[in-house]
Trainee: 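Have a look at the structure that comes next, please.
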Amino acid sequence: MKPLEHTITEEQHRVRIDKVLADLNKDMSRSQVQTWITQQLVLVNGEVVKANYKCQLGDHIEWSIPKTEPLQLAPEAIELDIIYEDSDLLVVNKPKGMVVHPSAGHQHGTLVHALLYHCEDLSGINGIERPGIVHRIDKDTSGLLVVAKNDQAHQHLSKQLANKDIKRKYHAMVHGNIPHEKGLIDAPIGRDPKDRQRMAVVENGKPAVTHFQVIEQFSDYTHIECQLETGRTHQIRVHMKYIEYPLVGDPKYGPRKTIDVNGQALHAKEIAFTHPTTKEWMHFEVDLPDYFQELIDYIRKMY
């Protein structure tokens, strides 16, 4: 397929290349465009550039849209808690302990394997390992995810995610008694320079904003609701550790002395977005899972 071409106009002068291409490819999200740039499918004046390259007047841009690779993962008959489904998307309540998509060490039993068994088709935009996956939550975080069944739905939902139009609320149990009713954490997140397996608040990290509100206070613990403005890796876990209220059970960011709930006490309780086809505002909410409610009951009995 012949590469697409464009010459930078005065209006686009000093604008980032990923934004320019996202504007030129209306059906594609900015994150998809950034993937093309990483894969060296975008050239500026015949040279490979980074996503933050600021275009200059007269720059000649060439880019190729990659073909969707055929899916090679085997479907697995794993039961799913599907909250909603239509021809464009599904909303799934993921259990604690389930990995969202295959990766090193997790080649079977993922949400993707279960989705492939349940659905005849999924969006191929995120590649053969992540079909239909618009966003993800950690293995030991339970709760709601929206999954795209076709590329058009995926593109629309990805744009909403990039524009912060998808609303997500989480419940968490943290160590410590938060003395105020609500708060906002605005602190950039990136790789921890001391441990590349962890994330941390770092000066040159990506912008990250978390709002939180206290639901119930205990002497040594606090039940909170968090709302994300951004979706950085481990965002709630990193931000709550940063303000010294780490999540209960968190093996990566929590204290050694904690209550064992097989991973962090974090649940994606609500999600809301605009339907990609009907344009209807969709809102979904699920109850706290048993492990979380049992944790609350246990802490209440302690005090």
Side-chain angles (χ1 to χ4, degrees), residues 94 96 135 137-144 164-195 197-272 283-303:
K94 185 189 82 69
K96 188 181 187 70
H135 63 114
I137 55 179
D138 298 329
K139 173 191 170 188
D140 291 324
T141 299
S142 53
L144 296 174
K164 304 176 185 176
D165 294 329
I166 292 183
K167 307 302 179 189
R168 292 167 290 166
K169 289 184 180 179
Y170 292 72
H171 278 222
M173 185 69 77
V174 300
H175 285 272
N177 188 306
I178 299 177
H180 34 268
E181 289 184 9
K182 57 185 177 180
L184 182 151
I185 309 165
D186 185 351
I189 291 175
R191 290 284 169 192
D192 187 335
K194 296 177 182 176
D195 182 352
Q197 299 300 311
R198 291 157 51 107
M199 308 302 286
V201 170
V202 291
E203 191 176 342
N204 61 345
K206 292 183 179 179
V209 179
T210 303
H211 300 261
F212 69 86
Q213 184 163 337
V214 170
I215 295 173
E216 189 171 1
Q217 292 170 310
F218 307 94
S219 295
D220 298 315
Y221 302 93
T222 308
H223 179 191
I224 61 172
E225 178 184 87
C226 297
Q227 183 161 343
L228 298 181
E229 270 192 38
T230 51
R232 306 302 172 207
T233 301
H234 302 167
Q235 179 170 316
I236 293 172
R237 300 165 66 187
V238 171
H239 270 173
M240 295 313 296
K241 173 184 169 60
Y242 178 66
I243 64 169
E244 299 183 347
Y245 295 102
L247 269 62
V248 167
D250 193 332
K252 196 177 285 281
Y253 303 101
R256 287 184 181 178
K257 189 177 180 182
T258 188
I259 301 171
D260 184 10
V261 287
N262 292 317
Q264 63 276 359
L266 184 61
H267 178 66
K269 197 171 189 298
E270 293 183 51
I271 191 167
H283 174 264
F284 302 94
E285 182 173 357
V286 289
D287 293 335
L288 291 173
D290 290 346
Y291 85 87
F292 204 119
Q293 190 57 56
E294 288 166 7
L295 173 63
I296 294 170
D297 295 341
Y298 174 75
I299 292 173
R300 280 180 183 152
K301 285 177 184 176
M302 290 170 65
Y303 302 103

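A quick note: this is a predicted structure, and the numbers were derived from the prediction, not measured.
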Trainee: For Tyr242, enumerate each residue passing the side chain to side chain donor-acceptor pair (under 3.5 Å) test, keeping only those at least two apart in sequence or located in another chain.
Mentor: none
Trainee: If we check side-chain hydrogen bond (donor to acceptor under 3.5 Å, both in side chains) with Glu270, which of these qualifies: His283, Lys169, Arg168?
Mentor: His283
Trainee: What is the minimum heavy-atom distance between Leu266 and Ala172, and which atoms define it?
Mentor: CD1-CB, 3.8 Å
Trainee: Looking at every non-hydrogen atom in both residues, tell me the closest pair between Arg232 and Ala208 and how far apart they are.
Mentor: CG-CB, 3.7 Å
Trainee: Scan for ring pair (Phe, Tyr, Trp, His ring centres under 6.0 Å) pairs involving residues 212-238, sequence neighbours excluded, and state none if there are none.
Mentor: His171-His223, His175-Tyr221, His223-Phe292, His234-Tyr253
Trainee: Quick one: salt bridge (charged side-chain N to carboxylate O under 4.0 Å, His left out) pairs with a partner in residues 254-269, sequence neighbours left out?
Mentor: Lys269-Glu285
Trainee: Considering only residues two or more places apart or on different chains, which pairs with a residue in residues 181-195 satisfy side chain to side chain donor-acceptor pair (under 3.5 Å)?
Mentor: none
Trainee: Return the set of residues passing salt bridge (charged side-chain N to carboxylate O under 4.0 Å, His left out) with Asp287 (not counting sequence neighbours), or none when no residue passes.
Mentor: none
Trainee: Looking at CE of Met240 and CG of Leu247, how far apart are the two atoms once the value is rounded to the nearest 0.5 Å?
Mentor: 7.0 Å
Trainee: For a quick test of reading the model, state the closest non-hydrogen atom pair linking Ala265 to Leu295 and the distance between them.
Mentor: CB-CD2, 3.6 Å
Trainee: Determine whether Val202 and Pro193 make a side-chain contact, defined as any pair of heavy atoms from C-beta on separated by less than 4.5 Å.
Mentor: yes
Trainee: If you look at every heavy atom in Val248 and Val174, which pair is closest and at what distance?
Mentor: CG2-C, 4.0 Å
Trainee: If you measure only the distance, is there a donor-acceptor pair under 3.5 Å linking the side chains of Thr141 and Gln264?
Mentor: yes
Trainee: Tell me which pairs pass salt bridge (charged side-chain N to carboxylate O under 4.0 Å, His left out) where either residue lies in residues 240-254, with sequence neighbours left out.
Mentor: Arg237-Asp250
Trainee: Quick one: pull up CD1 in Ile259 and CD1 in Ile299 and give me the separation to the nearest 0.5 Å.
Mentor: 4.0 Å
Trainee: Got a sec, which residues hit side chain to side chain contact (heavy atoms under 4.5 Å, CB included) with Lys96, two or more places apart in sequence or on another chain?
Mentor: Asp140, Ser142, Asn262, Tyr291
Trainee: How long is the span from the OG1 atom in Thr210 to the NE2 atom in His239, to the nearest 0.5 Å?
Mentor: 5.0 Å
Trainee: Who are the side chain to side chain contact (heavy atoms under 4.5 Å, CB included) partners of Phe284, not counting sequence neighbours?
Mentor: Ile83, Tyr84, Val91, Leu144, Ile271, Phe273, Met282
Trainee: Salt bridge (charged side-chain N to carboxylate O under 4.0 Å, His left out) with Glu294: which residues, sequence neighbours excluded?
Mentor: none
Trainee: Once side chain to side chain contact (heavy atoms under 4.5 Å, CB included) is applied, do any residues pair with Lys164, and if so which ones, sequence neighbours excluded?
Mentor: Glu229, Thr230
Trainee: Would you please say whether a donor-acceptor pair under 3.5 Å links the side chains of Thr222 and Glu216?
Mentor: no
Trainee: Applying side chain to side chain donor-acceptor pair (under 3.5 Å), name anything that partners Arg198, two or more places apart in sequence or on another chain.
Mentor: none
Trainee: Under 4.5 Å between any side-chain heavy atoms of Gln217 and Val214, yes or no?
Mentor: yes
Trainee: If you look at every heavy atom in Val286 and Ala268, which pair is closest and at what distance?
Mentor: CG2-O, 4.2 Å
Trainee: Among all residues two or more places apart in sequence or in another chain, which pass the side chain to side chain contact (heavy atoms under 4.5 Å, CB included) test with Thr233?
Mentor: Met199
Trainee: Any chance you could measure Cys226, atom SG, to Ile215, atom CD1, to the nearest 0.5 Å?
Mentor: 8.5 Å
Trainee: So which atom in Pro246 and which in Pro255 form the shortest heavy-atom distance, rounded to 0.1 Å?
Mentor: CG-CD, 3.7 Å
Trainee: To the closest 0.5 Å, what do you measure between CD (Gln227) and CG (Leu184)?
Mentor: 10.5 Å
Trainee: Output, in order, the C-alpha distance, side-chain angles, deciding distance and verdict of side-chain contact (heavy atoms from CB on, under 4.5 Å) for Ile185 and Ile243.
Mentor: CA-CA 8 Å; Ile185 309 165; Ile243 64 169; 3.7 Å; yes
